Amino acid sequence: MITKQDCRKINNYIWEISTSFKPQMTVPVWIFADEELLEEALKDLSVTQAVNVACLPGLAGHVAIMPDVHQGYGMPIGGVMAARVPDGIISPGAVGYDINCGVRVLASGIDYKSAKRHLPELATALYRNCPSGVGGKGSVPLSAEELDKMCRQGAKWALEKGYATEEDLQRTEEFGCLEGADPNSVSKRAKDRGRGQLGTLGAGNHFLEVDVIEEIFDQDAADIMGLYEGCLAIQIHCGSRGFGHQICTDYVQDFQLAVINYGIQLPDRELVCAPISSKEGQAYLGAMKAAANFAFANRQTLAYHARQSFEEVFGSQTGNHALRQVYDIAHNMAKIEQHNINGEEMTVCVHRKGATRAFGPGFEGLPPEYQEIGQPVLVPGSMGTESWILLGTEANDALSFGSSCHGAGRVMSRSKAKKEIRGERLRGELEKEGINVRAGSLPGLAEEAPQAYKDVNRVVETVSQAGIAHKVARLRPVAVVKG
DNA sequence: ATGTTC
């Protein structure tokens, strides 16, 4: 059991567990949290899991955990780990089962007050046009060849098919395509699961939400990002569906043998990994990129259907009615990046699991207008609560390998939430607050109740005070579509 | 998160 006494306070928002805590640790753990969130993080296995991650071979700097952290498979959700290249490792469990789970925000000039009476109709149109639910099938089934092509090209495939604009791609992490995706490293089973799932939302905490931009904190940045106070925006939160899930399952199994072959000592079987330079490590990296590109194409296809829904309700998409992309960012991904770590320029494989990239101003992988302000960080709150749009900072390179938080973070397990919260009653409460709810499953709705999550405002305040990201805008939900 | 246990 890890207690507060094991955490050395670096400042009001950063705590450290040093390598002397456990002999096998190769790097320290940094916890980004205020006192209350630190106590929250110590209640489940989050910090224990972060300490386990810090025992892996070939790490750089420290393991970071975000204020929205909660326990996950092997590595906590809300964790960041950097492995040295070429002598470090890559771990499927440190990316997560939902490879490139992520979020996309599009914003409009449609005034909420004048659009309010159309929201029930809009929610219904979005629910109809964006298939959801476990096993949900999309409207664009792909041949085996087309799936491979989509996996190599990501959102570029969607551009070719007419589901995207050039600006959408510009305003997507990695421009919507990770180079080096390898469909040959993806099992037939994963492909069979994925072929029918493009353009689907899925279930669990995945959702599509209509929000009103409630408050602006950085007017200059908001102008550049196209965020207008009092106007409608949408969030699309989903990932690589059964495709990415199967890839993770396959490689977690494969790597059991790799761990033995390469003589890697593990603190937890769930942290199976392989040397990043090994054939096993490279195969996973190629497959993970294929899943990441699937997710980029998936959110792009959903954005297309969302735009169609807006058009059905508000008429032709011209002028103020256009839904312009703000950004699209991954929550679960491993990336080869350069970072200055303890004064040394290093190439590392940054594993972000329930954490986003949050690069500061000047980063070349951004469109010109964002190079001035830094990379947008999209932080969806729990259902029925606020969401945030932030910007990455220059300082976060040394703090978190250029990473930030990804959401509110669970405090109640799915099973407990399902037992304690009635979906029907929750729907009534949300509707009473003026949120139009379209949910395929009431027990599913209960799992995502606001009470099951931390306070997203507190999480955002922490990353802001810690210097990882800064506030641009707060969003309030007015319609939610869920599986 | 997930054809919620091949």
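Lettering of chains follows the sequences in order, A, B, ..., and the numbering in each one begins at 1. Just so it is clear, the model here is predicted, and its values are computed rather than measured. Note: hydrogens, waters and symmetry copies are ignored here, and every other heavy atom, side chains too, is used.
Considering A:Thr356, A:Ile468, A:Asp68, A:Thr462 as possible partners of A:Cys405, the one that fulfils the side chain to side chain contact (heavy atoms under 4.5 Å, CB included) test is A:Asp68.
In this structure, the CD atom of A:Gln253 is 14 Å from the C1' atom of B:dT5, given to the nearest Å. Residue A:Arg189 contributes atom CZ, which lies 16 Å from atom P of B:dT2 at whole-angstrom precision. In this structure, the CD atom of A:Gln246 is 10 Å from the C1' atom of B:dC6, given to the nearest Å. One interatomic measurement links the two molecules: CG of A:Leu201 to P of B:dT2, which rounds to 9 Å at whole-angstrom precision. Taking atom CD1 of A:Ile247 as the reference point, atom C1' of B:dT2 lies 13 Å away to the nearest angstrom. We find that CG of A:Asp98 is positioned 14 Å from C1' of B:dT4, with the value rounded to whole Å. Atom NE2 of A:His245 is separated from atom P of B:dT4 by 9 Å (rounded to the nearest Å).
Residue contacts shown for A:Glu447 are absent, as no nucleic acid heavy atom lies under 4.0 Å away.
In this structure, a donor-acceptor pair under 3.5 Å is absent between the side chains of A:Asn457 and A:Arg474.
Within the 4.0 Å cut-off from OP1 or OP2 of B:dT2, at least one side-chain nitrogen or oxygen of A:Arg241 is found.
Of all heavy-atom pairs spanning A:Arg104 and A:Phe296, the tightest one is NH2-O, 3.7 Å.
Within a 6.0 Å radius of CD in A:Gln256, more than 12 heavy atoms belonging to other residues, nucleotides or ligands are found.
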